[in-house]
Amino acid sequence: MYCIVDGLREHLLAMEPENGTKMEVRDLTKVSDKDVRILSKVNLDIPKGVIMGVIGPSGSGKSTFLRALNRLWEPDSGSVFLDGVDICELDVLNLRRKVGMLFQLPALFEGTVADNVRYGPQLKGKKLTDIEVYKLLALADLDSSFYSKAGGELSVGQAQRVALARTLANEPEVLLLDEPTSALDPISTQNIEDVLVKLKRDRGMTIVIVSHSIKQIQRIADVVCLLVNGEIVEILKPHQLSEAKHPMAQRFLQLSS
Ligand SMILES: Nc1ncnc2c1ncn2[C@@H]1O[C@H](COP(=O)(O)OP(=O)(O)OP(=O)(O)O)[C@@H](O)[C@H]1O
């Protein structure tokens, strides 16, 4: 739901966050080098411990929005906050540990699956034990036989779960996912979805997922935000998507269903 107050569009969640707000986005704007507006004063509260889906037409700014949340581009200071702290004030590597990201296609490093999973903690001087690696693999729904496999031996779906285990090794508090299953078959997709739901349920993780699949969003998200032309035009619960009022959002939803 949104309302316009004194010319300012304020986005209000239909539900009060149960556990508080994990990230706040305030007037987040991005203009391209050619002076085209990619994001226009985006305001959003991301509640703690929920799965937030981000949907919208191609080119509406979903990836750009997601990438601001862990400074894959540099937002203006005062526009993105993590637990109330301006992310521009945080050490960027620390921020990216706390706010991990998974992309559409997994890019594994050379070496074994275990090498990949150990990579992040090793950068901080911590060597994960075998048991810790096995636990992370299990968390990403991979059995112990994957431990010593080489990245090149894996299917895209398996590699995506290794990439997830590698991200989880940094113990993120927020997980950002940019169309993480669009290259996967339905079974691999379900595996990843199950893991995300478990991470939220068992670890209280806050998850923001960009997806082209409205069905996927309806399966796993607690709240959905609709982005059109660089603006958030609706924030709804998944079962309320058919009630979207914005004309472009309605058209997008009709064509996508
Ligand atoms: N660094 C950049 N410089 C210039 N234009 C950019 C840049 N990044 C994105 N854009 C443009 O901004 C718009 C939004 O792109 P973005 O990738 O965020 O959209 P999207 O909603 O994720 O699209 P899709 O669903 O197709 O992945 C597009 O028109 C894109 O061409």
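Just follow the structure's listing: the first ligand is 1, and inside any ligand the first atom is 1. Only heavy atoms go into these numbers, but all of them, side chains included; no hydrogens, no water, no symmetry mates.
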Requested in this report: Out of Ser182, Ala68, Ser63, Ser32, indicate the one that has the non-hydrogen atom closest to atom 3 (N) of ligand 1.
Outcome: Ser32
Are any of the N/O atoms in [X] less than 3.5 Å from those in ligand 1?
| X | value |
| --- | --- |
| Gly56 | no |
| Thr64 | yes |
| His212 | yes |
| Ile38 | no |

Query raised in the report: Does some non-hydrogen atom of Gly230 fall short of 4.0 Å from ligand 1?
Result: no
Report task. Could you establish whether Glu179 and ligand 1 come within less than 4.0 Å of each other, counting only heavy atoms on the residue side? Result -> yes
Quick one: look up the protein heavy atom nearest [atom] and list residue, atom name and how far away it is.
| atom | value |
| --- | --- |
| atom 23 (O) of ligand 1 | Gly59 N, 2.9 Å |
| atom 1 (N) of ligand 1 | Lys30 CE, 4.6 Å |
| atom 26 (O) of ligand 1 | Ser58 OG, 2.5 Å |
| atom 25 (O) of ligand 1 | Lys62 NZ, 2.8 Å |
| atom 19 (O) of ligand 1 | Gly61 N, 3.2 Å |

Query raised in the report: Can you check whether a protein heavy atom sits less than 4.0 angstrom from atom 13 (C) of ligand 1?
Result: yes
**Report entry** Lys22 and Asp83 ion-paired at < 4.0 Å
**Finding:** yes
Report task. Would you sort out whether Arg96 and Asn70 count as a side-chain hydrogen bond (donor to acceptor under 3.5 Å, both in side chains), showing the intermediate values? Result -> CA-CA 6 Å; Arg96 289 182 191 154; Asn70 72 350; 4.8 Å; no
**Report entry** Atoms in ligand 1 flagged as close to Pro57, the criterion being non-hydrogen separation under 4.0 Å
**Finding:** 21 (O)
Query - Candidates Leu90, Asn94, Val174 - the one meeting side-chain contact (heavy atoms from CB on, under 4.5 Å) with Val99 - result: Val174
**Report entry** Gln160 side-chain N/O to Gln104 backbone N/O, donor-acceptor pair under 3.5 Å
**Finding:** yes
Report task. Could you tell me whether a side-chain N or O of Asn170 sits under 3.5 Å from a main-chain N or O of Pro172, the two making a donor and an acceptor? Result -> no
We want to know whether [X] and [Y] form a side-chain donor-acceptor pair, criterion being a heavy-atom distance below 3.5 angstrom.
| X | Y | answer |
| --- | --- | --- |
| Asp185 | Ser188 | yes |
| Asp178 | Ser63 | yes |
| Arg37 | Ser40 | yes |

Requested in this report: Cation-pi check, Lys62 to Phe65: give yes when NZ or CZ is under 6.0 Å from the six-membered ring centre and within 45° of the ring axis, no otherwise.
Outcome: no
